[in-house]
Amino acid sequence: MALLFRFSQLRNSIWSSCPARLRMQHTGLSPGTLLDPKSYEKRLFSTRVQETASLHRTDLGPCISGIQPLKFQQTSEHEQSAPLLIFDIETTGFFQKTTGNFQKGNRITEFAVRDLCGGKNSTFETLINPERDVPGYLKKVNNINTDLVCKPDVPRFSDVLPLLLAFVQSRQTPGKPVIWVAHKANTFDAPFLAQEFNRCSAQMPEDWLFVDSHCLARKLPMLEPSEDKKHLLNLESLSKRYGISAEGSAHRAMKDVTTLCHVFQKMSFDLKLTYEGLINEATKASYFSKLLK
DNA sequence: GAATCACCGTCAGACACTAT
DNA sequence: ATAGTGTCTGACGGTGATTC
């Protein structure tokens, strides 16, 4: 156990010390085939792209009312122009590796993402048809059931994929990585995303980097010496810590994304997180693709 | 030198937490 | 309902100080 623990620590150390800046490679879908983001709303599907209050491109803070823009400390080597995408998914259950049998295992039922840079078309959210039943107990968790997502006007992930890639491409700065942030990204959201890409015979672009806000939360200083840290790492506890009031439907993807946007910038401030520091915390997309093999 | 004790670090197992 | 990770606790061994 301890050996495994040390291996885990060593592995994390290696990952976090590896500067991950890679050139964009094949996504499995050529840019020419990607749909124009402007055409999203013409589709029958319930996929939506929305505008939030615009912010200057060099401000990596969110563009949510009542929140001050967050600025990372500048370094000489990095310019602050990589998109920072806060995302969340709802699924039919927990992540289970389903090598070679894509009919089994859990699927994504909702996807939401918000670009912290804000501006026009800075959010993307959609229900996703999981092509399987949604367990009844999840109705209580996120109010998503089989009747809501298993119908013809809800797109499958393979339908959403080109839209998602187009959305990211529309937010991306050429030559810069795309930084995805989610709570428990390393063990839940990113592996799920990699699995769905895999099902579509596609690969996540190699310049996609994933940052787990749960890992960042572990580094936060305790407010009280007697505080039990393990009870303060979920998104709800973090939002309470920072006095953030939840808006929207309970435990739905975009609501959690909005909450995480607030929490993330507060955490970044507390941790004095630099852009370079964030890059060092990130895990490359290819890592999650390899997990499936 | 031998025996005893306290302290510290390591280890294994159990449990809790987290995501949906 | 799953799986990975962190924390806690008790057991154990090593080391140094103290006492006889």
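By convention in this document, chain letters (A, B, ...) are assigned in the order of the sequence lines, proteins followed by strands, and residues within each chain are numbered from 1.
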| field | Whole-Å gap separating P (B:dT20) and CZ (A:Phe111) | value | 13 Å
| request: Could you pull out all residues at least two apart from A:Lys240 that satisfy side-chain hydrogen bond (donor to acceptor under 3.5 Å, both in side chains)? | output: none
| said: Restricting to side-chain hydrogen bond (donor to acceptor under 3.5 Å, both in side chains), what partner residues turn up for A:Thr92, sequence neighbours left out? | reply: A:Asn106
| task | Would you classify A:Phe192 as touching base, sugar-phosphate or nothing, given that sugar-phosphate means primed atoms plus P, OP1 and OP2, and contacts are heavy atoms under 4.0 Å? | result | nothing
| Proximal nucleotide (of C:dA1, B:dT20, B:dT18) relative to the A:Leu138 side chain | B:dT20
| Separation of A:Asp189 atom CG from B:dT18 atom P, in whole Å? | 15 Å
| A:Asn234 and A:Leu238, any side-chain heavy atoms less than 4.5 Å apart | no
| remark: A:Arg218 has its side chain closest, among C:dT5, B:dT20, B:dA19, to C:dT5
| query | Reckon A:Ile89 touches a base, only the sugar-phosphate, or nothing at all at heavy-atom distances under 4.0 Å? | reply | sugar-phosphate
| field | Among B:dT20, B:dT18, B:dA19, the nucleotide that comes nearest once only the side chain of A:Thr91 is considered | value | B:dT20
| task | For A:Asp212, answer base if it contacts any base atom (sugar-phosphate contacts may also be present), sugar-phosphate if it contacts only those atoms, and nothing otherwise; contact means non-hydrogen atoms under 4.0 Å. | result | nothing
| task | List for me each residue that meets side-chain contact (heavy atoms from CB on, under 4.5 Å) alongside A:Ala182, sequence neighbours excluded, and say none if there are none. | result | A:Phe87, A:Ala185, A:Asp189
| message | My understanding is that only residues two or more places apart in sequence, or in another chain, count here; which of them pass side-chain contact (heavy atoms from CB on, under 4.5 Å) with A:Asp133? | response | A:Thr146
| query | Which whole-number value in Å describes the distance from A:Arg107 CZ to C:dA1 P? | reply | 23 Å
| field | Minimum-distance nucleotide (side-chain atoms of A:Asn234 versus C:dA1, C:dT5, B:dT18) | value | B:dT18
| task | Using atom CG of A:Leu260 as one end and atom P of B:dT20 as the other, report the distance to the nearest whole Å. | result | 10 Å
| message | Just to be sure I understand: a Watson-Crick pair is purine N1 to pyrimidine N3 plus N6-O4 or O6-N4, both under 3.5 Å. Using that and G-U wobbles, which stems of three or more pairs involve DNA chain B? | response | B:1-20 with C:1-20
| note | Residue set satisfying side-chain contact (heavy atoms from CB on, under 4.5 Å) with A:Lys140, at least two apart, ordered chain then number -> none
| task | With heavy atoms under 4.0 Å as the rule, sort A:Phe188 into base, sugar-phosphate or nothing. | result | sugar-phosphate
